[in-house]
There are 2 protein chains.
Amino acid sequence: MSAITVSRVLRTPELVSEPVRLRVMEAVARLGYVPDPAARVLASAKSDVLGILIPSVTNSVFADVLRGIYERVEGSPFHVQLGNTRYSILEEERLLGVFSRQRPAGLIVTGLDQSARSVALLRQVDCPIVQIMEIGDEPIDMMVGFSHRDAGRAATRHLRDRGYRRIAFLGARMDPRTRRRLEGYGEVMKEAGLFDERLIVTTQRASTVTLGCELLSELLSRTLEVDAVFCNNDDLAIGVLFECQRRRISVPDDFGICGFNDLEMMAVANPPLTSVRTNRLEMGRKAIELLIARIAGEPIGAPVVDLGFEVVARRSTAGPLARDARPST
Amino acid sequence: MSAITVSRVLRTPELVSEPVRLRVMEAVARLGYVPDPAARVLASAKSDVLGILIPSVTNSVFADVLRGIYERVEGSPFHVQLGNTRYSILEEERLLGVFSRQRPAGLIVTGLDQSARSVALLRQVDCPIVQIMEIGDEPIDMMVGFSHRDAGRAATRHLRDRGYRRIAFLGARMDPRTRRRLEGYGEVMKEAGLFDERLIVTTQRASTVTLGCELLSELLSRTLEVDAVFCNNDDLAIGVLFECQRRRISVPDDFGICGFNDLEMMAVANPPLTSVRTNRLEMGRKAIELLIARIAGEPIGAPVVDLGFEVVARRSTAGPLARDARPST
DNA sequence: TTGACGAATGATAGCGCTAACACTTAAAAC
DNA sequence: GTTTTAAGTGTTAGCGCTATCATTCGTCAA
């Protein structure tokens, strides 16, 4: 029996007759034979690696996306290779270089703001590519995400509709997506004639609960005329809530709080915190589904998938006039 | 100029004369040549892959360890290949099989409780191995972690020393490390003559803040005689705090709360929550340092590194008698 | 002068697999 | 009965590197 027959049994068993196939499979099982992936890649010029580039491994948003990714890769013949760009465009370029040499079967990159060199590299690489987290008009190949600008608009409108007027924006780790949320906030505030630069407090530091406390303190030291805050993510919102508790600021009566991402803890805080639900798990799943479909040559629908978002209204934004009307829990 | 000379310039430049070396390097830069990693692995029978097996990518504990890992791998010639075992011993076996075929340069696995087959595989693999998170007496190769049993003992002793008597244990996702913390708790409680089975509430569900609320409710429905709780991690502790706020249970006066891992939010909660600080970042860093040192053939110190832990006492465990004596913040 | 030696470079083979094509056999079509 | 076709299996070559050994050349000791 020749080597190529074994190779065929392992890769395309339907091309091998049943008796031969069974004998080979028996021998493979008995000897514990497993093909050498390096030799495979070298001979076939394709690997089974799906390269994933994300800016952070500790941010729970990406952790959820990753979980969706692993969930769908599971059971497929592919493997995940993770690259951590740490929010650096140069590191992203470097990692793309490393990944592209490995002839990946597919690539996932975060966001729309790759450097020109990264984009050039991505256009050369001969594999499907999904940009995740955001959507835009010019996908390199495919996209799965939602509009952060629209989400920022929706959250701000929600606070405005609930009767808040002096609505602040707290932002940490101002990456492109955070900036677009801020953009949406600014638009709505201007449209409502409520815009005031002093209401915007941002920092490049990474988002933490502690930072939420600090940013609220910074905000309150600038102006006492604030009656709500849109936090660019939930860590900050929890920090703001803790700080309000300490300062005996009543939420939502005197102060509304809206977070972003709707982490599970938002629903059980006191009061429960309003947030913008994003489909992070689904984002990871869908990205892998698109990659695998394209690798298999199957047709995909639209190359840009909008997973949307949803403002989940909870008591923390019941409104400044809600003191008497609000539910007991 | 022959191919082997180029290969030498790239791998062992000190063996090539300066003029030749410079010419080759110039050409490499000009042509943008980069060697094919698959061919390299095939020819040299060694890869630059460090395989990492962790049970979860969403658990922030492992996210921190990962960050330490990426930090140290950065700048080295190695790459991280991440495997997610999802707390399944079988999945761990499978992934070890996949990894070992890639002739990894090093391996990191989580915990001490690998299956017999996994251990056999690990002993066969020709690369350094680090077991992380825990320490024990029989390392497969090397270990970096701390004693969860001792940490459980320390936290329970702390609650006891602060004057709490009816100290409960809340545990989620009862993995081997959680069980050893429970073991430590049980020992101290028995030594103090305080042990009561009804005070132990555990579940296999993954740990969340919401689950902390639920487990506390479950506990209080069993017995009202509880004056403190040791949560097997910080998510639960935060949930317990929120639930106490809702039930108007005064922390720490009527109820003490101690978490585990000391996530950053613990320090800014109301009241600040006591927790057991663990060196997660350092765990990742140290594991990679050990691997790289061994790959380079450098001597390492002891093969088992105890990174320890520390009970960080905050107001949430000031004690039932502290009502008058406690600080104002 | 000669041989030994080390430094620098090259020639050869092969890592373990798969692509591409070649061949064999039996069934189907003419 | 011959040709065509398809299914099943084998042969050959080569993927892009590096291990190993061979060669060249200059230097130095005997």
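If you're wondering where the values come from, they're calculated on a predicted model, not measured in any experiment. Each chain gets a letter, A, B and so on, in the order its sequence line appears, and its residues count up from 1. What you see below is based on every heavy atom in this structure, not just the backbone, and it leaves out hydrogens, waters and symmetry mates.
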### Query
Any salt bridge between R180(A) and D113(A), counting N to O under 4.0 Å?
yes
### Task
Taking only the side-chain nitrogens and oxygens of T5(A), find out if one of them lies under 4.0 Å from OP1 or OP2 of dG8(D).
no
### Task
Select base, sugar-phosphate, or nothing to describe what V41(B) touches, counting heavy atoms under 4.0 Å on all strands.
nothing
Between [N] atom [atom2] and [X] atom [atom1], what is the distance in whole Å?
X: Q102(B); N: dG16(C); atom1: CD; atom2: C1'; result: 15 Å
X: L15(A); N: dA20(C); atom1: CG; atom2: P; result: 14 Å
X: E18(A); N: dT9(D); atom1: CD; atom2: C1'; result: 17 Å
X: R21(B); N: dT9(C); atom1: CZ; atom2: C1'; result: 14 Å

### Task
For N279(A) and E282(A), indicate whether the former's side chain and the latter's backbone hold a donor-acceptor pair under 3.5 Å.
no
### Message
Closer than 3.5 angstrom, by distance alone: can the side chain of S7(B) be matched with the main-chain N or O of A3(B) as a donor-acceptor pair?
### Response
no
### Task
List the steps and the verdict of salt bridge (charged side-chain N to carboxylate O under 4.0 Å, His left out) for R23(B) and E26(B).
CA-CA 5 Å; R23(B) 271 177 56 210; E26(B) 186 275 327; over 6 Å; no
### Task
Only counting residues at least two apart or in another chain, list the ones meeting salt bridge (Lys or Arg N to Asp or Glu O under 4.0 Å) with D64(A).
R67(A), R280(A)
### Task
Determine, step by step, whether T85(A) and E91(A) satisfy the side chain to side chain donor-acceptor pair (under 3.5 Å) criterion, reporting the C-alpha distance in whole Å, the side-chain angles of both residues, the deciding distance to 0.1 Å, and the verdict.
CA-CA 5 Å; T85(A) 66; E91(A) 182 67 7; over 6 Å; no
For nucleotides 18-20 of chain D, give me every protein contact, N/O to N/O, under 3.5 Å, one pair per line with atom names.
unit_1	atom_1	unit_2	atom_2	d
dT18(D)	OP1	R11(B)	NE	3.3
dT18(D)	OP1	R40(B)	NE	2.9
dT18(D)	OP2	S7(B)	OG	2.1
dA19(D)	OP2	R11(B)	NH1	3.1

### Task
Give a yes or no on whether R94(B) atom CZ has more than 12 heavy-atom contacts from other residues, nucleotides or ligands under 6.0 Å away.
yes
### Query
Are Q114(A) and Q131(A) close enough that a side-chain donor and a side-chain acceptor fall under 3.5 Å?
yes
Protein and nucleotides 4-6 of chain C: nitrogen or oxygen contacts under 3.5 angstrom:
none

### Query
Nearest to the side chain of L42(B) - dC17(D), dT9(C), dC15(C)?
dC15(C)
